[in-house]
Enquirer: 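Just dropping this structure here.
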Amino acid sequence: RFAQLSQAEIVGYRELTDPRASAAISILSSMMAPTGLAGRTLLWVLEAETAMQLMLDHGRERYSGSFFVAHAMVLQAVLKNFAAARRWYDLCVALEAVAPAPEIGGRTYLVIGYYLSAWFDSPALAITCLEKGLQLGTEAGDPLYAALCASAVITAMMLAGTPLDRVLQFVESRAATLQGDGGAWANACNVRNLCQKLTRGEPIQAADLAQLSALPASAGTIRNNSLVNFGIALSVVGFEDQVRAWLAEIGPGFPVVNAGQPHLATLRLLEGLFAAKDAQAGASERLELTNKALSELRQFEAQTGATHHRPAILLLEAELARASGDADLANGRYARAAAAARQHEMPQLVALICERRCELLTAERMPDDAALSRHEAYVAYKRWGHVRKVQLLEAAHPELRALAGASQAGQGTRGTMATMAVSVGAQATTAINDALDLASVLRISQEISTELHAANVVNKVLSGIVQNAGAERARPGRR
């Protein structure tokens, strides 16, 4: 019956006046938290739906929003009815604006931010919602849900590609809050340890990984969070085998244990990426898993209308093209994936994509293009604050440090760089004048990497030369 009403009709629904109905709803509200935390999902759903039926019969009251978000969460996490969940999400936000219940704000905004906003909008907006829940939970004396909101912020930050030093700063500044839940605090301690090492450039030790694995399986969702959230950060510094082992362990049960949680997308990306790498090494049967992961990510995008899954989708499409032996197609898709990741300000994906593209270009004997992609990955890892990976890249490619120093020294002035060749199609190349500085080269390379026609590539290069030289126009010539 609620579904047949408009948002305005629900927000303006008559107020509840029956004291017995009000008392029953209050009892149901007090039962929701312990029931949910105990994993009694069916009973939790029954409580929420019973309260909504009482409100239909007797009128809306101040805790309506908490039951509505619970209903939206069920629609998204259990029934996978994203269209209906979106409608209820919008309703919950509207209802909180006109009839807030700050005493249960930690609970309400945990669901709004983690289970709804992170799916339908963006990880950045989810962080904003969860931080509000953290604040309301703290002010209302609800330490458990304040801690859960803080823990959820960490996952949203990792999804958004928040610089690792800022993740560390958040954990340290919210230590007292995170201690409101034992599982959240255990997870936060692991996050703090890994972020400290990655941002300081300290090697990760076996004991650090053992701490993540040591959380008991009974910790459920909390244990799984770090195993997935640090999947990219650890796999790019030599621990891909360990990440694969974790995913093999938790992957099958993740949609149930972590039902409706947004880092399911990260799990699918990693599974699809690792399977594609196996296929490229000869295990072609693994492509089935990559296609399955890609299909699920496409469904997320289509059903939620959110665009932040696009970089992961394009990355897996590039990996499939690479596995099929079509290097040109893979190269173009890597470029589009990197552009999408930049658009969504996700440096962790920019870095991963550019590094994968560099490996492809190196294998295809295109050293100049590979060098550009490597430098783009290097810059993105620095933006992400992954100092350990930056150190490894500098050790393997000392020229990166020199390029970074030259770029910093040339800020505000025109630097110079040796002539570089930019690929056009599979064979032809166009030389860029040595007056181009590093920033110009990188910008032009990003722009032309998604072009499929040679004429457009030439236009992009000439436009960059004009801007860099301060000229009015440029024309190609033949000699």
Enquirer: Salt bridge or not between Arg310 and Glu317? Use side-chain N to carboxylate O under 4.0 Å.
Expert: no
Enquirer: For Leu136 versus Gly106, what's the shortest heavy-atom pair and its separation?
Expert: CB-N, 4.1 Å
Enquirer: Is there a donor-acceptor contact under 3.5 Å from the side chain of His344 to the main chain of Thr307?
Expert: yes
Enquirer: Starting at OG of Ser235, measure out to CG of Leu270 and round the result to the nearest 0.5 Å.
Expert: 6.5 Å
Enquirer: With the side chain counted from C-beta on, respond yes when Arg107 and Val111 share a heavy-atom pair under 4.5 Å apart, and no when they do not.
Expert: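 Side chain of Arg107 against side chain of Val111, heavy atoms only: no contact under 4.5 Å found.
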Enquirer: Could you tell me which non-hydrogen atom of Ala85 sits nearest to which non-hydrogen atom of Ala72, and how far apart they are?
Expert: CB-O, 3.7 Å
Enquirer: Taking side chain as C-beta onward, heavy atoms only, is Leu273 less than 4.5 Å from Thr290?
Expert: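 Result no, sub-4.5 Å side-chain heavy-atom pair not found.
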Enquirer: Could you check Glu249 against Arg244 for salt bridge (charged side-chain N to carboxylate O under 4.0 Å, His left out), going step by step and ending with a plain yes or no?
Expert: CA-CA 9 Å; Glu249 175 194 348; Arg244 284 175 178 252; over 6 Å; no
Enquirer: So which heavy atom on Ala48 is nearest to which on Phe67, and how close?
Expert: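 That closest heavy-atom pairing would be CA-CD2, 3.9 Å.
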Enquirer: Salt bridge between Glu355 and Lys389, side-chain N to carboxylate O under 4.0 Å?
Expert: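 Salt bridge present between Glu355 and Lys389.
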Enquirer: Looking at OG1 of Thr155 and CD1 of Ile222, how far apart are the two atoms once the value is rounded to the nearest 0.5 Å?
Expert: 8.0 Å
Enquirer: Show, in sequence, the C-alpha distance, side-chain angles and deciding distance for Glu47 and Thr35, and conclude whether the side chain to side chain donor-acceptor pair (under 3.5 Å) test is met.
Expert: CA-CA 9 Å; Glu47 291 165 355; Thr35 302; 3.0 Å; yes
Enquirer: Taking atom types as modelled, is there a side-chain donor on Tyr114 or Gln261 under 3.5 Å from an acceptor on the other?
Expert: yes
Enquirer: Salt bridge or not for Glu271 and Arg286, using N-O below 4.0 Å?
Expert: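 Here Glu271 does not pair with Arg286 in a salt bridge, since their nearest N and O are not under 4.0 Å apart.
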Enquirer: Hey, are the side chains of Tyr381 and Val236 touching, using non-hydrogen atoms and a 4.5 Å cut-off?
Expert: yes
Enquirer: Hey, do the aromatic rings of Trp119 and Tyr89 have their centres closer than 6.0 Å?
Expert: no
Enquirer: For the pair Gln135 and Glu139, evaluate side chain to side chain donor-acceptor pair (under 3.5 Å) and give the outcome as yes or no after the intermediate values.
Expert: CA-CA 6 Å; Gln135 177 185 350; Glu139 292 173 351; 3.0 Å; yes
Enquirer: Going through the checks in order, is the side chain to side chain contact (heavy atoms under 4.5 Å, CB included) test met by Glu15 and Arg60?
Expert: CA-CA 5 Å; Glu15 294 292 330; Arg60 182 176 61 80; 3.3 Å; yes
Enquirer: Do Phe230 and Val191 pass the side chain to side chain contact (heavy atoms under 4.5 Å, CB included) test, and can you show the C-alpha distance, the side-chain angles, and the key distance before you say yes or no?
Expert: CA-CA 9 Å; Phe230 281 94; Val191 172; 3.9 Å; yes
Enquirer: Test your reading of the model: is there a side-chain donor-acceptor pair from Ser151 to the backbone of Ala147, 3.5 Å cut-off?
Expert: no
Enquirer: More than 12 non-hydrogen atoms from neighbouring residues, nucleotides or ligands closer than 6.0 Å to CD on Glu288, yes or no?
Expert: no
Enquirer: Return yes when atom CZ of Arg20 has more than 12 non-hydrogen atoms of other residues, nucleotides or ligands closer than 6.0 Å, and no otherwise.
Expert: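 Atom CZ in Arg20 is not packed in, count stays at 12 or less.
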Enquirer: Is it the case that more than 12 heavy atoms not belonging to Glu240 sit under 6.0 Å from its CD atom?
Expert: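 Atom CD in Glu240 is packed in, count exceeds 12.
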Enquirer: Can you name the closest pair of heavy atoms from Pro311 and Leu349 and give their distance?
Expert: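 Answer, listing the atom of Pro311 first, then Leu349: CB-CD1, 4.0 Å.
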Enquirer: Take Val387 and Leu198 through the test side chain to side chain contact (heavy atoms under 4.5 Å, CB included) and record every step on the way to the result.
Expert: CA-CA 6 Å; Val387 175; Leu198 294 175; over 6 Å; no
Enquirer: Cut-off 3.5 Å, no hydrogens considered: what does the side-chain donor-acceptor table look like for residues 157-175, sequence neighbours left out?
Expert:
| from | atom 1 | to | atom 2 | distance (Å) |
| --- | --- | --- | --- | --- |
| Thr162 | OG1 | Met157 | O | 3.2 |
| Ser173 | OG | Gln169 | O | 3.1 |
| Ser173 | OG | Phe170 | O | 2.9 |

Enquirer: If you round to the nearest 0.5 Å, how far is OH of Tyr334 from CG of Asn331?
Expert: 9.5 Å
Enquirer: Take Asn224 and Asn258 through the side chain to side chain donor-acceptor pair (under 3.5 Å) test and state the conclusion after the steps.
Expert: CA-CA 8 Å; Asn224 291 350; Asn258 294 70; 2.8 Å; yes
Enquirer: Measure the shortest side-chain to side-chain distance between Phe254 and His263 over non-hydrogen atoms and say whether it is less than 4.5 angstrom.
Expert: yes
Enquirer: Ring-plane angle category for Trp384 and His386, please: parallel below 30°, perpendicular beyond 60°, tilted otherwise.
Expert: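 The rings of Trp384 and His386 stand perpendicular, inter-plane angle above 60°.
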Enquirer: Kindly say whether Ser22 contributes a backbone atom to a donor-acceptor pair with the side chain of Ser26 at under 3.5 angstrom?
Expert: yes
Enquirer: Give me the one residue out of Arg356, Arg357, Lys277 that meets salt bridge (Lys or Arg N to Asp or Glu O under 4.0 Å) with Glu319.
Expert: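 Output: one option passes, namely Arg356.
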Enquirer: Any chance NZ of Lys292 has more than 12 other-residue heavy atoms, nucleotides or ligands included, within less than 6.0 Å?
Expert: no
Enquirer: Does Arg223 use its side chain to pair, donor to acceptor, with the backbone of Ser213 at less than 3.5 Å?
Expert: yes
Enquirer: Does the side chain to side chain contact (heavy atoms under 4.5 Å, CB included) test come out yes or no for Trp246 and Leu234, once each step is laid out?
Expert: CA-CA 12 Å; Trp246 284 335; Leu234 291 173; 3.7 Å; yes
Enquirer: Do Ser64 and Tyr13 make a side-chain contact, defined as non-hydrogen atoms from C-beta onward lying under 4.5 Å apart?
Expert: no
Enquirer: Could you tell me the separation between the CG atom of Leu194 and the CD atom of Gln211, rounded to the nearest 0.5 Å?
Expert: 8.0 Å
Enquirer: Less than 4.5 Å apart, side chain to side chain, heavy atoms only: is that true for Asn190 and Leu215?
Expert: yes
Enquirer: Once rounded to the nearest 0.5 Å, what's the spacing between atom CZ of Arg388 and atom NZ of Lys197?
Expert: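 Spacing of CZ (Arg388) from NZ (Lys197) equals 10.5 Å.
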Enquirer: Is any side-chain heavy atom of His71 less than 4.5 Å from a side-chain heavy atom of Glu49?
Expert: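 With C-beta onward as the side chain, the pair touches.
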Enquirer: Is Asp90 salt-bridged to Arg86, cutoff N-O under 4.0 Å?
Expert: yes
Enquirer: Are side-chain heavy atoms of Arg268 and Leu264 found at a separation under 4.5 Å?
Expert: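 They are in contact (side-chain heavy atoms under 4.5 Å apart), so the answer is yes.
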Enquirer: Could you pull out the closest heavy-atom pair between Asp181 and Ala184, with the gap in Å?
Expert: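 Result for this residue pair: OD2-N, 2.9 Å.
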Enquirer: Between Thr108 (side chain only) and Ile104 (backbone N and O only), is there a donor and an acceptor less than 3.5 Å apart?
Expert: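 At least one qualifying donor-acceptor pair exists.
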Enquirer: Any idea which heavy atoms bring Pro102 and Ala140 closest together, and the distance?
Expert: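 That would be O-CB, 3.9 Å.
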Enquirer: Taking Asn187 for the side chain and Gly183 for the main chain, is one N or O donor matched with an acceptor at less than 3.5 Å?
Expert: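 Answer holds: no.
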Enquirer: Enter the distance from Asn229:CG to Leu267:CG here, rounded to the nearest 0.5 Å.
Expert: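 Atom-to-atom, Asn229:CG and Leu267:CG are 10.5 Å apart.
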Enquirer: Are Arg333 and Asp328 within salt-bridge range, i.e. N to O under 4.0 Å?
Expert: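 So Arg333 does not pair with Asp328 through a salt bridge.
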